[in-house]
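Every heavy atom of this structure was used, including side-chain atoms; hydrogens, water molecules and symmetry mates were not. Lettering follows sequence order; numbering is per chain, from 1.
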There are 2 protein chains.
Amino acid sequence: MFSKACEYGLKAMISIATKSEKGQRTNLKEISKDINSPEQFTAKILQQLSRNKLIHSVQGAHGGFEIQKENLGKIKLIDIVKTIDGDKLFVGCGLGLNECDASKPCPIHHRFIGIRENLTKVLSETSLEKMSHDVNGGLAFLNR
Amino acid sequence: MFSKACEYGLKAMISIATKSEKGQRTNLKEISKDINSPEQFTAKILQQLSRNKLIHSVQGAHGGFEIQKENLGKIKLIDIVKTIDGDKLFVGCGLGLNECDASKPCPIHHRFIGIRENLTKVLSETSLEKMSHDVNGGLAFLNR
DNA sequence: CTTTAATCGGATAATTTTATCCGAGTTATA
DNA sequence: TATAACTCGGATAAAATTATCCGATTAAAG
């Protein structure tokens with residue numbers, strides 16, 4: 001479903017959120033330990049998320065990554081997915097046809113629409129805040 | 001969602017089905033022209049589908065590929081997807097965790113279940129027969 | 001029996017994705 | 001002002017996916 005990079009990105013965002021929620025800043029080493037991901041590869045993904053303003057990076061000693069508290073509720077999973085994997089999951093033909101719409105549909109077009117709407121809805125509705133609450137409350141886990 | 005190989009596989013299966021439905025046998029050249037796919041790569045995918053008994057291959061002159069008529073209604077899209085992409089779309093954690101279940105869920109676990117069930121349902125319900133009817137009837141298209 | 005038209009399957013190449021390396025830049029603090 | 005603890009970003013490497021090449025095999029038909 002998601003690329004490896006996107007999985008790391010989602011987990012990293014949630015990890016950062018759990019700290020930001022408590023007013024703490026975290027850093028690369030802590031994040032990749034927390035989500036069990038390769039450090040340097042994770043760094044690239046964090047840079048990408050930072051350039052796209054989903055997280056705020058602070059350089060230098062005691063630096064690291066954080067998310068503005070007021071953004072925790074605003075950032076939805078779909079924002080993260082689109083930043084890393086683009087929107088290929090949400091637009092375009094399920095069979096990879098260049099042209100495919102209701103007037104000239106591929107054979108799975110109509111069936112696919114429902115799946116896609118469902119996926120879009122779930123990812124659009126789920127905020128980082130909710131995720132990080134679950135993790136901080138011991139209801140969900142990042143590292144298994 | 002699906003790998004390129006899987007997209008070609010799905011399209012190829014539908015292409016073969018449209019011919020088999022009419023009692024005709026088709027071949028690699030015709031298929032890859034029909035679905036606009038690279039011939040040799042498509043050949044590999046057809047071999048895979050053949051080894052897994054989803055299609056029947058006939059070697060030699062006038063050979064090619066066909067699907068038993070009685071199988072057109074039995075083969076579902078999910079069978080093709082599982083043959084080519086495996087079941088990674090249908091099992092395992094959406095965030096790539098090794099252990100993730102209702103008792104120790106990842107943060108998106110519960111939300112993901114619905115999406116996955118929906119996807120599984122649609123792909124399990126849709127038969128090749130239905131797809132090929134749509135294409136033969138001009139209601140759907142493979143090559144755009 | 002030879003030619004022709006097909007699939008089979010191993011090898012290789014190209015591209016994309018995943019992962020790592022490392023020097024440069026930034027900032028807190030002693 | 002020197003050092004330590006960070007991120008930044010370009011370069012490279014490794015692995016997986018996508019794609020191609022080509023000789024071997026199979027079978028129909030002249």
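One interatomic measurement links the two molecules: NZ of Lys44(B) to P of dG9(C), which rounds to 9 Å at whole-angstrom precision. For the pair Ile16(B) CD1 and dA6(C) C1', the computed distance is 14 Å after rounding to whole Å. Put simply, CD on Gln48(A) is 12 Å from P on dG9(D), counting in whole angstrom units. Across the protein-nucleic acid pair, Leu28(A) atom CG and dT20(C) atom P stand 12 Å apart, rounded to whole Å. If you take CD of Glu7(B) and P of dA19(D), they are 10 Å apart, rounded to a whole angstrom. Following rounding to the nearest Å, Glu30(B) (CD) and dA5(C) (C1') show an atom-to-atom distance of 14 Å. Residue Phe2(B) contributes atom CZ, which lies 17 Å from atom C1' of dT17(D) at whole-angstrom precision. The distance from atom NE2 of His56(A) to atom C1' of dT27(C) is 13 Å, rounded to the nearest whole Å.
At a cut-off of 3.5 Å, with distance as the only test, no side-chain donor of Asn52(A) or Thr83(A) sits close to an acceptor on the other residue.
For Gln47(B), the listed nucleotide lying nearest its side chain is dG9(C); candidates were dC8(D), dG9(C), dT20(C). Taking every side-chain heavy atom of Lys4(A) into account, dT18(C) is the closest of dT20(D), dT18(C), dG9(C). Distances from the side chain of Gln40(B) to the nucleotides dT20(D), dT20(C), dT18(D) place dT20(D) closest. Side-chain proximity of Phe41(B) to the nucleotides dG25(C), dT18(C), dT18(D) is greatest for dT18(D). Side-chain proximity of Ala61(A) to dG9(C), dC21(C), dA28(C): nearest is dA28(C).
The side-chain contact (heavy atoms from CB on, under 4.5 Å) test with Lys19(B) is passed by exactly one of Gln24(B), Glu66(B), Arg25(B): Gln24(B).
Taking 4.5 Å as the limit, some side-chain heavy atom of Met1(B) sits within range of a side-chain heavy atom of Leu119(B). Side-chain contact between Phe141(A) and Cys106(B): absent, with no pair of heavy atoms (C-beta onward) separated by less than 4.5 Å.
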**Study point:** Verdict with supporting geometry, Ser32(B) and Thr42(B), side-chain hydrogen bond (donor to acceptor under 3.5 Å, both in side chains)
**Key:** CA-CA 7 Å; Ser32(B) 45; Thr42(B) 307; 5.2 Å; no

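For the pair Ile31(B) and Val58(A), both in contact range of DNA chain C, the more 5′-proximal nearest nucleotide belongs to Ile31(B). Nearest-nucleotide positions on DNA chain D place Gly64(A) closer to the 5' end than the other of Asp85(B) and Gly64(A).
At the phosphate of dG9(D), OP1 or OP2 sits under 4.0 Å from a side-chain N or O atom of Arg51(A). An OP1 or OP2 oxygen of dT18(D) is reached within less than 4.0 angstrom by no side-chain nitrogen or oxygen of Tyr8(B). For the pair Ser57(A) and dC8(D), the criterion of a side-chain N or O lying under 4.0 Å from OP1 or OP2 is met. The side chain of His62(B) places an N or O atom within less than 4.0 Å of a non-bridging phosphate oxygen (OP1 or OP2) of dA29(D).
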